[in-house]
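Note: hydrogens, waters and symmetry copies are ignored here, and every other heavy atom, side chains too, is used.
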Amino acid sequence: MIFLTPSDALQKAFDGLKSGETVRLAKGEYRQKAVLAADNVTLTGEGAGQTVIVFDDYARKIHADGREYNTFRTYTLCITGNGVKLENLTVKNSNTAPEEVGQCVALSVHGKNFRAENCEFISTQDTIFLSPFPDDLVVRYRGFIPEKQLYTEGANVSLFENCRISGNVDFIFGCGEGYFRNCEIVSLADKRGSGFVCAPAHSLAQENGFTFFDCRFLNGGAKDGSCYLARPWRDFGKCVFINCSLGSHFNVKLFDKWNDTSRDKTARFLYYNLKSENPAAPVSWAAELDGAQAKSIIKNFEKKFLSI
């Protein structure tokens with residue numbers, strides 16, 4: 001067990017970690033930006049809201065290399081190791097005006113078999129990124145994004161359980177296979193008028209996308225009827241919502257096709273047993289699962305969850 005306090009340098013400690021070690025973070029604010037590259041490491045705090053890792057980078061900020069940070073360099077905490085687990089802590093990007101400064105990532109996950117339990121993730125636009133990148137961005141960002149973050153072989157699976165995730169626009173996004181069980185998903189106010197929880201970009205070859213079980217989609221200041229569960233960042237993006245409750249901040253259509261695109265023709269949005277404060281009238285291109293289909297998805301998830 002390695003013990004750290006807010007006066008310790010996280011990056012220096014992370015760089016010295018060996019596979020299988022556990023890092024205990026004392027309560028307090030760690031105003032630091034860090035990359036965790038070691039495999040099979042557990043990072044544990046003294047409670048969400050008590051142990052807080054926070055930084056304030058944003059997309060339009062100029063980096064030391066003379067270029068803008070861009071979305072994908074704004075993270076507060078970046079996970080590139082495999083088998084990493086976070087528990088009992090908060091990861092936050094403290095910027096609150098994405099309409100002025102651009103995207104502000106709190107957590108970026110590039111490793112396989114990532115888990116978060118009893119954690120809180122806070123930002124506004126683009127709170128959590130689950131890699132891999134869409135193929136076109138791999139080409140675009142070659143030499144710009146570090147290789148260990150840009151390239152991914154095989155499937156990345158991330159599991160979030162009993163977590164609270166806050167944001168306003170596209171605040172859970174990427175191409176990774178992500179599962180969210182018994183989480184609170186909080187939509188914050190946005191001056192641009194609309195909010196979107198998920199922005200999936202999964203390829204057609206990916207069987208699984210972002211899946212939410214027994215989650216509560218809460219209003220953290222958004223206007224009634226202004227938010228959507230998902231919009232496809234790329235064609236074939238996939239999201240599944242099972243046994244979830246929705247606040248009155250959601251538009252009755254629930255899903256958006258992404259501006260003036262035709263991604264309603266390819267998006268894979270599925271739902272079952274949604275409990276909405278507003279009478280929901282989902283778009284025709286989203287599919288309602290039957291009980292047997294939902295049970296099969298839950299069974300497959302539990303098998304995968306217990307195996308990691």
Chemist: What do you reckon, are the aromatic ring centroids of Phe217 and His249 less than 6.0 Å apart?
Modeler: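 No; His249 has its ring centre 6.0 Å or more from that of Phe217.
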Chemist: Are Leu150 and Leu130 connected in a single hydrophobic cluster, I mean Ile/Leu/Val/Met/Phe/Trp/Tyr linked by side-chain heavy atoms less than 4.5 Å apart?
Modeler: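 No; tracing contacts between hydrophobic side chains, which count when under 4.5 Å, never links both residues.
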Chemist: Report whether Ile185 and Phe269 are members of the same hydrophobic cluster (ILVMFWY, side-chain heavy atoms less than 4.5 Å apart, transitive linking).
Modeler: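 As far as the 4.5 Å side-chain criterion goes, Phe269 and Ile185 are connected within one cluster.
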Chemist: Look at atom NZ of Lys92 and say whether more than 12 heavy atoms of other residues, nucleotides or ligands are closer to it than 6.0 Å.
Modeler: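 12 or below, so no.
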Chemist: Looking at Lys61, I want to see if its NZ is surrounded by more than 12 non-hydrogen atoms of other residues, nucleotides or ligands under 6.0 Å.
Modeler: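 Enclosed.
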Chemist: Check whether more than 12 heavy atoms from other residues, nucleotides or ligands sit under 6.0 Å from atom NZ of Lys275, and answer yes or no.
Modeler: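 Counting other residues, nucleotides and ligands, NZ of Lys275 exceeds 12 neighbours.
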Chemist: Using 30° and 60° as the class boundaries, would you call the ring planes of Phe173 and Phe129 parallel, tilted or perpendicular?
Modeler: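 Rings of Phe173 and Phe129: tilted, as their planes differ by 30° to 60°.
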Chemist: So, Lys238 side chain and Glu207 main chain: donor-acceptor pair closer than 3.5 Å or not?
Modeler: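 Pair found, side chain donor or acceptor close to backbone of Glu207.
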Chemist: Restricting to non-hydrogen atoms, name the atom on Cys119 and the atom on Asn88 that form the minimum distance, rounded to 0.1 Å.
Modeler: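 Distance-wise, the nearest heavy atoms are SG-N, 3.7 Å.
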Chemist: Kindly assign one of parallel, tilted or perpendicular to the pair Tyr141 and Phe133, based on the angle between their ring planes and the thresholds 30° and 60°.
Modeler: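 Because their plane-to-plane angle is over 60°, the rings of Tyr141 and Phe133 count as perpendicular.
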Chemist: Quick check on ring pair (Phe, Tyr, Trp, His ring centres under 6.0 Å): which of Phe212, Phe121, Phe301 does Phe180 satisfy it with?
Modeler: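 The residue from Phe212, Phe121, Phe301 that satisfies ring pair (Phe, Tyr, Trp, His ring centres under 6.0 Å) with Phe180 turns out to be Phe212.
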Chemist: Taking the six-membered ring where the residue is Trp, are the ring centres of Tyr271 and Phe241 under 6.0 Å apart?
Modeler: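 Not close enough - the centres of the two rings lie 6.0 Å or further apart.
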Chemist: Does Arg216 come within less than 4.0 Å of Glu184, counting only side-chain N to carboxylate O?
Modeler: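 Salt bridge between Arg216 and Glu184, a charged N being under 4.0 Å from a carboxylate O: yes.
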Chemist: Any chance the rings of Phe160 and Phe114 have centres within less than 6.0 Å?
Modeler: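 Centroid separation for Phe160 and Phe114: below 6.0 Å.
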Chemist: Determine whether the aromatic ring centres of Tyr228 and Phe255 lie less than 6.0 Å apart.
Modeler: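 No; Phe255 has its ring centre 6.0 Å or more from that of Tyr228.
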Chemist: With a sphere of 6.0 Å drawn around CD of Glu29, does it hold more than 12 non-hydrogen atoms of other residues, nucleotides or ligands?
Modeler: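 Yes, the 6.0 Å shell around CD holds more than 12 heavy atoms from other groups.
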Chemist: So, does Glu21 use its side chain to make a donor-acceptor pair with the main chain of Lys18 at under 3.5 Å?
Modeler: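 Here the side-chain-to-backbone pair exists.
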Chemist: How about His202 and Phe236: are their ring centroids closer than 6.0 Å?
Modeler: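 They do not qualify: ring centres at least 6.0 Å apart.
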Chemist: Using the rule that two of Ile, Leu, Val, Met, Phe, Trp, Tyr join whenever any of their side-chain heavy atoms come within less than 4.5 Å, decide whether Val283 and Trp258 are in one cluster.
Modeler: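 No, Val283 and Trp258 fall in different hydrophobic clusters.
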Chemist: Quick one: do Asp235 and Lys265 make a salt bridge, cutoff under 4.0 Å?
Modeler: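 Looking at Asp235 and Lys265, the cut-off is not met.
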Chemist: Where is the tightest heavy-atom contact between Leu17 and Ala38, given as atom of each residue plus distance?
Modeler: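 Residues Leu17 and Ala38, closest heavy atoms: CB-CB, 3.9 Å.
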Chemist: Is Arg181 positioned over the aromatic face of Phe305, cation under 6.0 angstrom from the ring centre and no more than 45 degrees off axis?
Modeler: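 Checked: cation-pi criterion met.
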Chemist: Looking at every non-hydrogen atom in both residues, tell me the closest pair between Cys175 and Pro134 and how far apart they are.
Modeler: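 Result for this residue pair: SG-N, 3.5 Å.
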Chemist: Testing Leu89, Thr90, Val52 for side-chain contact (heavy atoms from CB on, under 4.5 Å) with Glu120, which one passes?
Modeler: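 So the option named by the test is Thr90.
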Chemist: Within the distance-only criterion (no hydrogens, no angle test), does the side chain of Asn278 pair as donor or acceptor with the backbone N or O of Ser248 below 3.5 angstrom?
Modeler: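 Yes; judged by distance alone, with no hydrogens or angles, the pair exists.
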Chemist: Is Val84 reachable from Val91 through a run of hydrophobic residues whose side-chain heavy atoms are each under 4.5 Å from the next?
Modeler: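 Yes, same cluster.
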Chemist: Measure from the side-chain N and O atoms of Gln11 to the backbone N and O of Val35, and report whether any donor-acceptor pair falls under 3.5 Å.
Modeler: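 Checking the backbone N and O of Val35 against the side chain of Gln11, a donor-acceptor pair under 3.5 Å is found.
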Chemist: Looking at Phe3 and Asp8, what are the two nearest heavy atoms and their distance?
Modeler: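 Between these two residues, the closest heavy atoms are O-OD2, 4.3 Å.
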Chemist: Do Leu36 and Phe55 sit in one hydrophobic cluster, given that two such residues count as connected whenever their side-chain heavy atoms are within less than 4.5 Å of each other, even indirectly?
Modeler: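 Different clusters.
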Chemist: Any idea which heavy atoms bring Asn93 and Ala106 closest together, and the distance?
Modeler: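 Closest approach of Asn93 to Ala106: N-CB, 3.8 Å.
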Chemist: With a 3.5 Å distance limit and no angle check, can you tell me whether Thr127 reaches the backbone of Ser166 through a side-chain donor-acceptor pair?
Modeler: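 Side chain of Thr127 to backbone of Ser166, a donor-acceptor pair under 3.5 Å: yes, one is there.
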Chemist: Is Asp214 atom CG crowded by more than 12 heavy atoms from other residues, nucleotides or ligands, each under 6.0 Å away?
Modeler: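 More than 12 heavy atoms, drawn from other residues, nucleotides or ligands, come within 6.0 Å of this atom.
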Chemist: Do you know which two heavy atoms are closest between Glu68 and Ile62, and how far apart they sit?
Modeler: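 Shortest heavy-atom separation between Glu68 and Ile62 comes out as CG-CD1, 3.9 Å.
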Chemist: State which residue, out of Asp170, Asp256, Thr261, fulfils the side-chain hydrogen bond (donor to acceptor under 3.5 Å, both in side chains) condition with Arg231.
Modeler: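 So the option named by the test is Asp170.
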